[in-house]
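First comes the structure, then the notes that go with it.
By convention in this document, chain letters (A, B, ...) are assigned in the order of the sequence lines, proteins followed by strands, and residues within each chain are numbered from 1. Every value quoted in this text rests on a predicted model; they were computed, and no experiment measured them.
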Protein chains: 2
Amino acid sequence: MDSTDDAPASAAPGLQARKKLAAMHRIQEAALDLFEERGFDDVAIEEVAAAAEVSPRTVYRYFGSKETLVIWDEEDEPAVSPLAPQFAAEDPVGALREAMRAGFAALGPADLRLMRRRVALVYRHPGIEAALILHAYEKSRRIAAAVAPDADRALEVQVFAHACVGAVLGAMRHWCLSEFARPPYEFVDRALTLLEHGFTAPDRKRAHP
Amino acid sequence: MDSTDDAPASAAPGLQARKKLAAMHRIQEAALDLFEERGFDDVAIEEVAAAAEVSPRTVYRYFGSKETLVIWDEEDEPAVSPLAPQFAAEDPVGALREAMRAGFAALGPADLRLMRRRVALVYRHPGIEAALILHAYEKSRRIAAAVAPDADRALEVQVFAHACVGAVLGAMRHWCLSEFARPPYEFVDRALTLLEHGFTAPDRKRAHP
DNA sequence: TCCCAATAAGGCAGCCACTGTCAAAAGGCA
DNA sequence: TGCCTTTTGACAGTGGCTGCCTTATTGGGA
């Protein structure tokens, strides 16, 4: 049905799809406002819906869960498949690093501000964090399955994927803990460098080199 | 009731604590039975409580959430602090490997059977998996904070901790996917070996292109 | 042995996340 | 304009989870 969009498939998302996307942004904005003001647990979906001027049912239809209101990212969905071939390359960590660098570089100031708000909420509420980690794990496993469909390497590739998720989420967490003092890519870069070198003896990298 | 443990608690867990632990085991057993029979989503806490002959309120008091009925492990709690000094050693992956090996070796056949049931349920239901991942992440962060309280190494240690969690969970997942054909430690061992070597070019380990 | 504090368990009422269903509305096409 | 597809909203219901209060159960002292 909608998968093979008509003539202007790639560049034209369709009219209704745009309206839906605009509504999602409006709903997420309203949700973040309320969550920051009164806390995630003390805001009912009904209030978010009222603030965004849609019905509660529509909020659930679009987002599926309360946590998704925070972790949803428009750029997140189409980025799955084109990433896969990158990881089949010689240097998968380098590919991920480059993808993250490009991703952050493409963000405008408004996008970055939005991401900060979302990250801050994620690490203030374990339930949201759990949803984010699971989301990242599943996404990484989809990529892993695309890279290595054969069974004997599946474990290795998946462990690598999980490690990447752990590295990126750890970086995001420390970006948040540092109160966003430095650009997020620096944290990701440090985390990924660690993955490359392996963990034989991380204590060697102690205070005085 | 089967409270046959009238013997004085040797290690000082207290009498009531023992009764509570016995009840928790009984409740978890009843929950696993029902979840396996009819699926996690189609079993209400009320039914679990009835099967275990306690009140629903007590189930929540003991476990806090429905997912915890599956992921709870008696051995899980005291194992936090004694693990920390191990990781400060020269070879943290080796320390984890040894801890896991010893942990699995200490399991009796009944324990192993219980773990298989729990793992199978975890990977059949994303919500339970999310709870388990979050639990593992938080535990790993507690250990990480104990190992490296200083701020500048915090990111590195946390990334390492997350990577370990990803490796172990990936191993558990493939243990489950293999239908528990081989001992679980083999999967953990393979996953941890990967962490040691780093991810500079895992494709080099390919079968034969 | 009995009684009394302290703690744990049960019962009850309620909130709210989430879902299925169906009717109303909006948009596209002749 | 009228028909048809898709989308949205309203309603009702399920069940996870919590706070509050009452009722057992336990342990200790007179």
Side-chain angles (χ1 to χ4, degrees), chain A residues 1-8 12-24 26-28 30-31 34-35 38-72 121 125-128 130-131 134, chain B residues 1 3 5-6 8-9 12-24 26-28 30-31 34-35 38-72 121 125-128 130-131 134:
Chain A
M1 289 286 188
D2 58 300
S3 59
T4 51
D5 259 342
D6 313 301
L15 179 68
Q16 286 191 337
R18 275 186 174 275
K19 281 191 73 171
K20 173 177 174 178
L21 219 61
M24 288 183 78
R26 201 173 66 246
I27 295 168
Q28 188 180 50
L34 288 168
F35 292 161
R38 289 165 34 207
F40 183 77
D41 289 325
D42 289 340
V43 175
I45 295 280
E46 199 174 337
E47 305 175 72
V48 175
E53 291 178 310
V54 292
S55 81
R57 199 66 186 81
T58 298
V59 175
Y60 282 112
R61 248 192 290 263
Y62 283 176
F63 291 93
S65 79
K66 193 179 181 183
E67 288 78 20
T68 312
L69 284 169
V70 178
I71 69 176
W72 178 73
L121 280 167
H125 190 97
I128 312 179
L134 183 66
Chain B
M1 299 296 182
S3 58
D5 311 86
D6 294 64
L15 177 69
Q16 286 190 336
R18 273 184 175 274
K19 282 192 73 169
K20 173 177 175 178
L21 219 61
M24 289 183 78
R26 202 174 64 246
I27 295 168
Q28 187 180 51
L34 288 168
F35 293 160
R38 289 166 34 209
F40 184 77
D41 289 324
D42 290 340
V43 175
I45 295 280
E46 199 174 337
E47 305 175 71
V48 175
E53 292 178 308
V54 293
S55 81
R57 199 66 187 80
T58 297
V59 175
Y60 282 112
R61 248 193 287 265
Y62 283 177
F63 291 93
S65 80
K66 193 179 180 183
E67 288 77 21
T68 311
L69 284 168
V70 178
I71 69 176
W72 176 74
L121 281 168
H125 191 95
I128 311 179
L134 183 66

Problem - A:Val48 vs A:Lys66, side chain to side chain contact (heavy atoms under 4.5 Å, CB included): CA-CA, chis, key distance, verdict - result: CA-CA 10 Å; A:Val48 175; A:Lys66 193 179 181 183; over 6 Å; no
Exercise for the section: Take the angle between the ring planes of A:Trp72 and A:Phe63 and call it parallel below 30°, perpendicular above 60°, tilted in between. Expected result: perpendicular
Practice task
Strictly below 4.0 Å, heavy-atom distances to any atom of DNA chain C: list the hits from residues 59-68 of chain B, or just say none.
Solution key: B:Arg61, B:Tyr62
Practice task
Within residues 38-55 of chain A, find the residues that approach DNA chain C with a heavy atom at under 4.0 Å, and present them sorted by residue number.
Solution key: A:Val43, A:Ala44, A:Ile45
Practice task
Look at A:Lys19 and C:dA26 and indicate whether a side-chain polar atom (N or O) is within less than 4.0 Å of OP1 or OP2.
Solution key: no
Fill in the blank from the handout: When every non-hydrogen atom of A:Gly127 is compared with those of A:Glu67, the smallest separation belongs to O-CG, 3.7 Å
Practice task
Provide, to the nearest angstrom, the distance between the CZ atom belonging to B:Arg18 and the P atom belonging to D:dT26.
Solution key: 17 Å
Problem - Nearest atoms (heavy-atom pairs only) where A:Ala51 meets A:Ala30 - result: CB-CB, 4.0 Å
Exercise for the section: Would you mind reading off the distance between B:Arg57 atom CZ and D:dG15 atom C1', rounded to a whole angstrom? Expected result: 15 Å
Practice task
Using atom types as modelled and distance alone, determine if a side-chain donor or acceptor of A:Lys20 lies under 3.5 Å from a backbone N or O of A:Tyr62.
Solution key: no
Fill in the blank from the handout: Nearest heavy-atom contact between A:Val59 and A:Ala49 is CG2-CB, 3.8 Å
Fill in the blank from the handout: Rounded to the nearest 0.5 angstrom, the CD1-OG1 distance for B:Ile27 and B:Thr68 is 12.0 Å
Exercise for the section: Taking the side chain as every heavy atom from C-beta outward, state whether B:Val54 and B:Arg26 have any pair of such atoms under 4.5 Å apart. Expected result: yes
